[in-house]
Amino acid sequence: MRAVRLTQVGKPLQEAEVDVPEIGASDVLVRVAACGICHSDEHYRAGISRMDRLPVTLGHEIAGWIEKAGVDIKHVTRGDRVCIHYLAHCGSCEFCVHGLEQFCRSGQMIGKHRDGGYAEFIKVPGRNVFALPDQISFEIGAIMMCSSATALHALNKARFKAGESIVIFGFGGLGFSALQLARAFDCEDVYVVEINPAKLASAASMGAIAIDARSADPVEQIKKATAGTGVDVALELIGSAKTMRQAVLCLGPLGRAALVGLTAETMSILPYTELINKEAEIIGVSDHLAAELPGLIEFARSGKLRFPSDALRFVDLDAEQINASLDGFQNSIDHIRTVIRVAS
Ligand SMILES: [Zn+2]
Ligand SMILES: [Zn+2]
């Protein structure tokens, strides 16, 4: 089969002819229909993330059809449309048995630690595939499995619920999904903090109250908009100590700040006045859980989570096109997602 692989860090991906994987009793072989090209793939190619196993086929945002199912697999069968949870996990360690497979002792990121979806076929454990309803295209089914799933996990970790207010710092891919999902939770006001005018306009057009962080301190603006109270939940999706601190300062009594963006900076908090006396919480968020995916798929099936067609671009399973798309991440500021159409 054809695959587009990382053979050397810092070098363009290369096309290769490789064997179709053999599956075991608990695996499935998926014929890839679509695979999203993610910013983290660019980090893998550039060597910003450590790559232990080369060559490796990249791609962790995958949807397709079941080609073959191992004898132990009961929940899907040949021909079923599926999307794939990107963390292959053992299912039996102390984390997996409690549904916390993100910490699995032997977890492997698909498209990093093991071959991913920039290929005609992929082998994954059967527990990693989820039925994809006909109403959701393969392209959407693929890209949902990364940033949208993590946006939902952030809302879940923050215990966000109907009737609560929320502020979202950063309106990139995660924010785009987080705003729609927050609204699907039947929330109160949603604020989006950004400095990019196009993103502010886009957030406002999707029902958010846009907070332009260039015009005034976003914390002051949110305090003013909430009559001094603050919000119930703040999501930090940027990865900066400054906006993480602002997320905490926006909180009202019993507020929760969920930190998703990555940074190595130190964040300062005044424990008594900024956290303790309002019983606020700061919550770390990493990836998402398989158990959350059926709910996410339902949000997309019911139209509550959408990706406008002008937000998607398509390329072929072609090393040159994929490399060009990865190059584009270095200067991209929009919501445009590129998806490899492998088969239809
Ligand atoms: Zn991704
Ligand atoms: Zn495990």
Side-chain angles (χ1 to χ4, degrees), residues 4 6 13 24 26-27 32 34-46 48-49 51 56-64 83-119 122 124-128 130 138-154 170 172-178 237 239 260-262 285-293 296-297 300 305 307 311-315 322 325-326 328-330 332 334-340 342:
V4 173
L6 179 65
L13 306 186
S26 61
D27 297 323
V32 179
C35 184
I37 298 180
C38 183
H39 203 159
S40 46
D41 297 334
E42 201 271 313
H43 289 174
Y44 300 160
R45 189 185 64 166
I48 294 168
S49 305
M51 299 301 287
V56 67
T57 304
L58 300 190
H60 57 266
E61 305 179 357
I62 309 159
C83 48
I84 296 179
H85 176 42
Y86 63 40
L87 185 74
H89 50 286
C90 76
S92 55
C93 73
E94 73 269 36
F95 294 111
C96 283
V97 295
H98 291 108
L100 298 169
E101 79 285 346
Q102 76 210 106
F103 307 116
C104 175
R105 294 270 175 203
S106 54
Q108 287 186 315
M109 178 74 190
I110 291 171
K112 181 173 195 267
H113 303 124
R114 56 189 281 152
D115 285 333
Y118 292 10
I122 181 172
V124 293
R127 68 176 73 89
N128 278 71
F130 290 83
F138 285 118
E139 291 83 1
I140 302 297
I143 59 171
M144 258 174 26
M145 292 293 107
C146 188
S147 56
S148 306
T150 300
L152 179 60
H153 185 55
L174 277 163
F176 185 77
S177 292
L237 309 176
V260 187
L262 305 179
V285 178
S286 180
D287 285 331
H288 55 266
L289 296 169
E292 293 169 311
L293 294 176
L296 179 72
I297 291 165
L305 175 66
F307 296 84
L312 295 178
R313 272 186 209 134
F314 305 105
V315 295
I322 294 169
S325 171
L326 291 171
F329 280 115
Q330 281 137 17
S332 89
D334 52 25
H335 296 130
I336 305 290
R337 294 298 322 270
T338 303
V339 185
I340 305 167
V342 181

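Only this structure's heavy atoms are used, side chains among them; waters, hydrogens and symmetry mates stay out. Counting begins at 1 with the first residue of the sequence. Counting starts at 1 for both ligands and their atoms, following the listed order.
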pair Leu293-His288: side-chain heavy atoms closer than 4.5 Å: yes
Tell me, which N, O or S atom in Glu61 is closest to the Zn ion (ligand 1)? OE2
Row for the Zn ion (ligand 1): angle NE2 (His60) to SG (Cys146), 10° precision, value 110°
Can you tell me if Asp115 uses its side chain to pair, donor with acceptor, with the backbone of Thr57 under 3.5 Å? yes
Donor-acceptor check, side chain of His89 to backbone of Leu87, threshold 3.5 angstrom: yes or no? yes
Which angle, to 10 degrees, forms at the Zn ion (ligand 2) with SG of Cys90 on one side and SG of Cys93 on the other? 110°
Tell me, please, if Cys96 has any N/O/S atom, main chain or side chain, under 2.8 Å from the Zn ion (ligand 2)? yes
Under a 3.5 Å distance rule, please check whether His113 uses its side chain to pair with a backbone N or O of Met109 as donor and acceptor. yes
